[in-house]
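Reminder, nothing fancy here: chain letters follow the sequence lines and each chain counts from 1. For the numbers below, each heavy atom of this structure counts, side chains included, while hydrogens, waters and symmetry mates do not.
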Amino acid sequence: MNPKTTRRRFIKGVIASGAAATTSTIWFAANGQDKPAGAVERMIRINVNGQVRTVDVAPQETLASTLRYKLGLTGTKLGCNRGECGACTVLVDDVPSYACSVLTHSVKNQVVETVEGLESANGTLHPVQQAFVEELSPQCGYCTPGQVMSAVGLLRSNPNPTREEARQGMAGNICRCGSYDSYLNGVMRAADIG
Amino acid sequence: MAYMHIGKDFVPQDVPGKVTGRIKYSEDYARDGMVYARLLTSPVPHGRVVDIDASEALAMDGVIGILTADDVYPDGEPQSPGLKVLTNEPTLIGEPILAIAAVDEKTAEDAMMKISLTIERLPFALDPLDSLVEGGPDAYNGGNTFVFRQGFASEKWSSDQVAAFRSGSEPTAEAQQSWEYGDLAAGFAASDFVYETNFSTAGYPHMSMEPRSAMSYWENGKCYLHGTSQSLTAVAEGLAGIVGVPLEDFVFVNEATGGGFGQRARAGSIPILAVPAKLSQKINRPVMMRVTREEEFTIGGARQGLQGWIKVGFKADGAMAAMDMYCVSDNGGKGGGGDANSAAGGVSALYQTEAMRFRNTSIGTNTGHRGAQRGPGENQIMAVLAPIMDKAAEDLGLDRLEIRKLNAAQNGDVSGPRSQPFTSAYMPEALEMGAAQFDWETKRSRSRQTDGSKVRGLGIGQGYHNAGRSGMDGLIRMLPNGRLQIHNGVGNLGTYSYASTSRAAAEVLKMDWANCDVITGRTDRHLPISSPQDGSNSIFTNTRTCYGAAQDMLGKMKEIAAADLGGDVADYDIDGSRVFQMADTSVGMTYAEVATRGLELGGKYTGEAELPEELNVVTALAVERLAGSALMGVYHDPRHNNNPPGFTVTFMEIELDKETGKFDILDLVTIAECGTVVHPQGLANQLRGGAVWGIGLSAYERHLYDPQNGLPASSGYWQSKIPTYLDTPENIGTGWVDLPDPENPVGARGIGEPSMGAVSAALNAAISDALDGHLFNAAPVTADMIINHVAGISENSVPLAQNNFRG
Ligand code: FES
Ligand code: FES
């Protein structure tokens, strides 16, 4: 480091802590609201896991952001935030979709399902979740919610896939732990249970 | 031996949370009043920050504060390699320079645009050989290499020396590092087949699925840090030091880690976690720092690339008589890694080489931060060597399986320059088992069979890693209700070792697993020091500690029973719920009664006296805070000397299309030789996951950098070519030898890393076989390299290079 440089003097005017403390609710803060919540045109209703939720959504906001940071549904993960990994997979009208690459405004009239919506009210796991537990499909688990949702979507459209069909159907979900074989075992077991 | 828990499947307690999305990773947490940090990172591959003018950014509505390297290092940055928390002396594009906090991320991003950063560009290097040549650029300020205890230095070869190395000759320059054993010259003289070549293996990023996001806040003088690691207690002290807070005032919360393959094992590889902690301390607000995929690429670590020269000699019977290896290792932008040394050690262990010389020189480049990545060194070199083994077998008229059996490590063997003995070794048994499960006898005849443009290739691979350590601590408690609490600092990153090693304690005490709780997830639950869960060592290392702690508790339980009910300690036994006299089983106490009595007695029974002297500071703090709370078992595992190996064997059949250069894996069987199996499902997952990684190493993954500007071109999943479902076989066959290791109380050794090496070796061997034994001497062997070869374009026409296309 050149001792003559004086960067510190350029770092001026650190705002007193709390001066801009507008975050009474963290969900709004998390997603780049220019103003506090309340702009009426941004209030939309979306159907998530069977419940209609009213939420303030910025024009550029992705479904993953809305789910995670406004609705508190952190089961949906972000691995890349650019449509490469599938960690954010949710179902939109039964179709596995990358929530990081879907604008929330575009799903206003559709049914969104996330990993949190699969368990029954009495705590019984969905057959895919149960099969993934029995096959010990997850390793680190970070890709697991996305794998679960892709498997659920696959089995709704094809309840009895061959292993090769399952492999093709799950191909949009990367698993860096390499647990593909264990997930496929889970999908095939879920098809048997289901 | 019949076990209650060892060798049995179970559902680790975190699995339901993983399939329901309930388990929390660091980015899933939130606190009231939380603000958001974004990182401003280096736009140049090598530079020096001259000015930061953040006044306009800091004047914006909603911007709360800034953290720079000057805040973190008021006395100047450490002049050593390794990642810094923040830096004014970046040596790779994307290295974090400062963090800015705002009420939301968009505001933080907008503020970033208002910062005026003046940075002096410095020369950069992307290939170690470009830097090594006289007059070449140096990656670091002060040189292109770092000499232990001396500092930065500049290592240069003449242009003739570099050119000769690039074209395949043995380097003539003195190496920075070397070792040797046996009579090398005699070994080559006795060899009937000698092969000499240069080789290269690519570096590539870890790309753990969870970016290393972190959240931190301070409360009552304590720093709470939600972050990611491979083991909580292995990183806690180091992280506390980086944050600058005493260990007793530091709480690390890490319920789950979304992947750790070597670069989350030590605090030094995750210093970025200190950013939200330091920023939170400065602005007095909870701070969430979300790390992007591109940032994870830059600071998330990468495998070292190796460029090298080897000469290997085999006797007529197939014995590997001599191996001479010289590597130039790519140390990347922040120094680091011992891949070359591990590669050489791995050759010695796996092939029992009679004489060997190893030389290495490590040179920095302005590319991703390097360090341990799953099987660092061993896995790259096995991919290079497996086709050469086949070449030797072919030349000497031997079967490919037989040459491997002849050189295989067995009980009583030693390896490396110090002739370190194995704790046990059953590689011949693993080869036999794999051959039978794969049906090598039948399938070998399919080698090189063609069908139009498609051709079959068969490969056998072997993997190795030193897989077990010692010197850690165990800590368990029995509550007055008779429940066993097993405190375990091993991280939850998908191996399930935190749970499976805990079962050694339940085994000793013969307890139902339903009556046991694994206590983990945050350091204020008082966890003992554990293995960093790197180097495939958790199973060996932490079954020893959990077993030892349970033995300590068992002794105390018998003492309490004998004192209250009469007789000697030796008169007592247990059945999982009672301690009783063997002569009259009606005389006894329930575990709950013993635990209650222990609590009344206190002293050594509750961790208040007579503790093992060598407890680690982390364990000592945990014990101190738990003292007097319950009947306690505490253990310090003494050091052991021998080498517990993890061995693997893979058999593979592929069909390669010569028109496209692509291949399908038709059959893959991979066998573990890792002592007694502790958790079959967990082991199978390690074998399958390792297989996927092995396929990535041998066929797909590599760093790519733009040579003009040093820009990384593989910072996303798409370009870094992580194998997908469609790149991997529909089924991966697994098996295990399951013979106990005598130096582990339940007979177990580790496996995570060699699970990859055998597959990468088998795949490279199968590709070579499909191409009539052609040797690429590289990893990965990509489709373009195959097509070029088939078209008659020699990959040797492309000089040895790193971080770029080859072939
Ligand atoms: S986070 Fe959406 S595809 Fe990766
Ligand atoms: S289980 Fe770790 S990324 Fe899939």
Would you indicate whether the side-chain heavy atoms of A:Arg42 and A:Val57 approach each other to under 4.5 Å?
no
Heavy-atom cut-off 4.5 Å, strictly under: side chain, backbone, both or neither for B:Ile23 against chain A?
backbone
Could B:Arg374 and B:Phe261 be counted as a cation-pi pair, given that NZ or CZ must be under 6.0 Å from the ring centre and within 45° of the axis?
no
Using non-hydrogen atoms only, which part of B:Thr20 is less than 4.5 Å away from chain A: side chain, backbone, both, or neither?
both
N-O pairing of B:Glu255 and B:Arg22 below 4.0 Å:
no
So which part of B:Val692 gets closer than 4.5 Å to some heavy atom of chain A, the side chain, the backbone, both or neither?
side chain
Whether B:Arg290 engages the ring of B:Tyr29 as a cation-pi pair (distance to the six-membered ring centre under 6.0 angstrom, angle to the ring normal within 45°) should be assessed.
no
B:Leu726 versus chain A, heavy atoms under 4.5 Å apart: side chain, backbone, both or neither?
both
Taking B:Asn731, B:Thr257, B:Val15 one by one, which has the highest count of heavy-atom pairs under 4.5 Å against chain A?
B:Asn731
Let me know if B:Glu27 has heavy atoms under 4.5 Å from chain A in its side chain, its backbone, both or neither.
both
Quick check on the interface: out of A:Glu116, A:Arg167, A:Gln147, A:His126, who has the most heavy-atom pairs with chain B under 4.5 Å?
A:Arg167
When the 4.5 angstrom heavy-atom criterion is applied to B:Trp693 and chain A, the contacting part is side chain
